[in-house]
Amino acid sequence: MVIVGHAREHMGMTMRRKHAEHAGTPRSSHLVERNPLVRRSDRIQSTIKTTVFALIILMLPVAAWIGTSTLAVGQSRVAAQESSVRQVTATTKAVADIAPVLQSEVGSVTSTTVDATWSYDGLDHQGQVSLPAGSPSGTQLPIWVDRDGNPTAPPATRADAVVTALFTGFGSLFAAASILLGTYFAVRVRLDAQRHADWDREIAELLDQDSPS
């Protein structure tokens with residue numbers, strides 16, 4: 001009985017390994033369908049594998065379209081910002097000092113905000129600007145303002161639009177490929193477990209039939 005048990009275990013491991021290698025070998029769905037030794041689980045795995053890689057290939061032009069569309073939107077936004085914001089020169093009205101309490105709480109502070117004035121479209125404006133700590137009163141620095149002359153964020157550049165488009169295009173392709181490949185490997189693990197269970201049951205039945213009663 002010990003010898004039969006070892007033989008059964010050795011035969012099961014060998015046949016499962018060969019079956020796994022056979023299932024993992026890339027074959028066309030046509031050959032898989034025609035091979036009478038291939039089980040239904042093998043045909044399912046082959047079909048899913050072919051479908052997954054076909055969808056990944058089809059995602060290439062889709063990702064390219066997403067990237068170009070994002071680039072067009074980004075370039076339009078850049079053009080709109082270039083026409084709606086302007087850069088002017090602001091002049092500070094006080095020394096850029098750091099409050100002792102703030103300096104002790106934060107530690108090393110390199111910038112602060114002070115009152116400043118600037119001129120836009122023939123009108124004088126005032127507000128707060130950020131500049132390095134310790135800058136003297138009367139320091140001039142460039143700032144961006146909107147159509148009303150109020151401080152605003154710097155406009156996006158064309159390089160920013162290109163980077164965003166590349167990130168969006170490749171990101172969509174990577175996300176789709178991750179989902180598809182994850183689905184394939186999840187199904188494969190499930191099918192491998194089913195095949196191993198089938199092999200164990202059939203090998204056990206075969207050895208039971210061949211063993212002396």
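Just so we're clear, the structure is a prediction, and the values are computed from it rather than from any experiment.
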Q) Are Leu58 and Leu173 connected, step by step, through hydrophobic side chains (Ile, Leu, Val, Met, Phe, Trp, Tyr) whose heavy atoms are closer than 4.5 Å? A) no
(Q) If I compare all heavy atoms of Gln75 with all of Ala161, which pair ends up nearest, and what's the gap? (A) N-CB, 4.0 Å
Q: Considering non-hydrogen atoms only, spot the tightest contact between Ser119 and Val88 and give its length.
A: O-CG1, 3.8 Å
Q: Kindly determine whether Ser135 and Gln140 satisfy side chain to side chain contact (heavy atoms under 4.5 Å, CB included), including the steps that lead there.
A: CA-CA 10 Å; Ser135 299; Gln140 294 184 334; over 6 Å; no
Q | Distance (rounded to the nearest 0.5 Å) between Tyr184 OH and Thr50 OG1 | A | 9.0 Å
(Q) Nearest 0.5 angstrom please: Ile143 CD1 to Arg86 CZ, how far? (A) 14.5 Å
Q. Hey, quick one: are Val73 and Val162 part of the same hydrophobic cluster, counting side-chain heavy atoms closer than 4.5 Å, chains of contacts allowed?
A. no
Q. For the atom pair CD (Gln194) and CD (Gln45), what is the distance rounded to the nearest 0.5 Å?
A. 11.0 Å
Q) Rounded to the nearest 0.5 Å, what separation is found between the CE atom of Met59 and the CH2 atom of Trp65? A) 10.5 Å
Q | Point-to-point distance, once rounded to the nearest 0.5 Å, from OG1 of Thr152 to CD of Gln81 | A | 8.0 Å
Q. Shared ILVMFWY cluster between Leu60 and Val62, side chains joined below 4.5 angstrom?
A. yes
Q: Treating Ile, Leu, Val, Met, Phe, Trp and Tyr as nodes and any side-chain heavy-atom pair under 4.5 angstrom as an edge, say whether Val129 and Trp144 lie in one connected cluster.
A: no
Q | Where Gln126 and Trp118 come nearest, the two heavy atoms and their spacing | A | C-CH2, 3.6 Å
Q | Contact summary for Ala165 and Thr70, nearest pair of heavy atoms | A | CA-CG2, 3.9 Å
**Q.** Shared-cluster residues of Val163, by chain and number - hydrophobic side chains joined below 4.5 Å
**A.** none
Q: Could you pull out the closest heavy-atom pair between Thr92 and Ala116, with the gap in Å?
A: CA-CB, 3.9 Å
Q | Closest heavy-atom pair and its distance - His125, Asp148 | A | CE1-O, 3.3 Å
Q | Rounded distance (nearest 0.5 Å) linking atom CG of Leu55 with atom CD1 of Ile48 | A | 11.5 Å
Q | Ser69 side-chain N/O to Ile66 backbone N/O, donor-acceptor pair under 3.5 Å | A | no
Q: For side chain to side chain contact (heavy atoms under 4.5 Å, CB included), just list the numbers for Leu131 and Val114, CA-CA rounded to whole Å, side-chain angles, deciding distance to a tenth of an Å, and then say yes or no.
A: CA-CA 8 Å; Leu131 74 168; Val114 296; 3.3 Å; yes
Q: Establish whether Ile56 and Ile179 are linked, either directly or via other cluster members, by ILVMFWY side-chain heavy-atom contacts under 4.5 Å.
A: no
